[in-house]
Amino acid sequence: QVQLAESGGGLVQAGGSLRLSCASSGRAFSTYAHGWFRQAPGKEREFVAAISWSGGSLYYADSVKGRFTISRDSAENKVYLQMNNLKPEDTAVYYCATDRSLRAAEYGVKGKNPRDWGRGTQVTVAS
């Protein structure tokens, strides 16, 4: 099982930026796709972004396209989510996830739930 730990959340004004980090344990980091999800109070968890094992394929939810960027550093075993032009509706707990059997393109597919999850990091965007 892969251990994931998110960091970088916080309180920011609308229009501001944050960079989330996800530290991933395990020797197979470079062979797994990873994804970011979020869950706002009273709402279902939703897909945000995913990145293939090579970093060559990126996928985003429509709501964050053009504002968020997912990336990975295989030397550091980390996945990042750069969030720009944040909006109050981006307020949520953000989770990093991975699954050895899921391709990056599948992370945004309903019913395709990654096996391994971090504990999440809170992002709050004030208006």
Side-chain angles (χ1 to χ4, degrees):
Q1 187 172 358
V2 177
Q3 303 295 321
L4 301 170
E6 304 92 339
S7 61
L11 173 64
V12 64
Q13 293 293 316
S17 299
L18 282 174
R19 188 193 195 202
L20 305 184
S21 297
C22 171
S24 179
S25 69
R27 293 170 292 180
F29 171 85
S30 60
T31 64
Y32 293 179
H34 283 68
W36 286 95
F37 294 77
R38 66 187 182 186
Q39 187 166 20
K43 294 188 177 181
E44 292 186 353
R45 186 176 62 201
E46 64 176 358
F47 166 75
V48 175
I51 186 168
S52 63
W53 66 270
S54 68
S57 296
L58 309 178
Y59 301 88
Y60 297 96
D62 288 342
S63 59
V64 307
K65 278 181 183 176
R67 301 188 298 122
F68 290 11
T69 303
I70 188 171
S71 62
R72 63 189 297 153
D73 184 336
S74 293
E76 296 290 331
N77 274 20
K78 287 187 176 180
V79 177
Y80 301 99
L81 186 68
Q82 177 66 44
M83 305 185 295
N84 298 328
N85 190 22
L86 282 160
K87 304 175 181 180
E89 51 264 42
D90 294 318
T91 295
V93 177
Y94 283 71
Y95 298 92
C96 180
T98 190
D99 189 309
R100 63 183 296 176
S101 64
L102 283 183
R103 294 177 292 112
E106 296 178 291
Y107 277 67
V109 176
K110 285 198 173 182
K112 296 283 189 179
N113 297 312
R115 186 189 72 173
D116 299 310
W117 294 82
R119 294 187 175 183
T121 184
Q122 176 70 45
V123 171
T124 303
V125 184
S127 57

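Just so it is clear, the model here is predicted, and its values are computed rather than measured.
The line from NE2 of His34 to NZ of Lys78 is 13.0 Å long, rounded to the nearest 0.5 Å. Interatomic distance, CD of Gln122 versus CG of Leu11, reported as 9.5 Å (0.5 Å rounding). Rounding to the nearest 0.5 Å gives a distance of 9.5 Å between CG of Leu81 and CZ of Arg38. For the atom pair Glu106 CD and Ser101 OG, the distance stands at 7.5 Å (nearest 0.5 Å). Taking SG of Cys22 as the start and CG of Asn77 as the end, the distance is 10.0 Å to the nearest 0.5 Å. In this structure, OG1 in Thr69 is found 8.5 Å from CG in Leu58, a value given to the nearest 0.5 Å.
Of all non-hydrogen atoms in Val48 and Tyr94, the two that sit nearest each other are CG2-CE2, 4.3 Å. Across every non-hydrogen atom of Asp73 and Tyr80, the tightest pair is CB-CE1, 4.0 Å. Scanning all heavy atoms of the two residues, the minimum distance from Ala50 to Ala104 falls at CB-O, 3.6 Å.
Panel note: side chain Arg72, backbone Ser52; a donor-acceptor pair is recorded below 3.5 Å.
The pair Glu6-Arg119 does not meet the salt-bridge criterion, since no charged nitrogen lies less than 4.0 angstrom from a carboxylate oxygen. Remark: Asp99 does not engage Lys112 in a salt bridge, criterion side-chain N to carboxylate O under 4.0 Å.
A heavy-atom distance below 4.5 Å is found between the side chains of Leu20 and Val123.
The side chain to side chain contact (heavy atoms under 4.5 Å, CB included) with Leu18 is formed by just one residue from the set Leu86, Thr124, Asp90, Val125; it is Leu86.
Side-chain heavy-atom separations under 4.5 angstrom define the hydrophobic clusters, and the remaining members of the one that includes Tyr32 are Val2, Leu4. With a 4.5 Å cut-off between side-chain heavy atoms of Ile, Leu, Val, Met, Phe, Trp and Tyr, the cluster of Leu102 takes in Phe37, Phe47, Tyr59, Val93, Tyr95, Tyr107, Trp117.
Among residues two or more places apart in sequence or in another chain, the salt bridge (Lys or Arg N to Asp or Glu O under 4.0 Å) test is passed with Lys87 by none.
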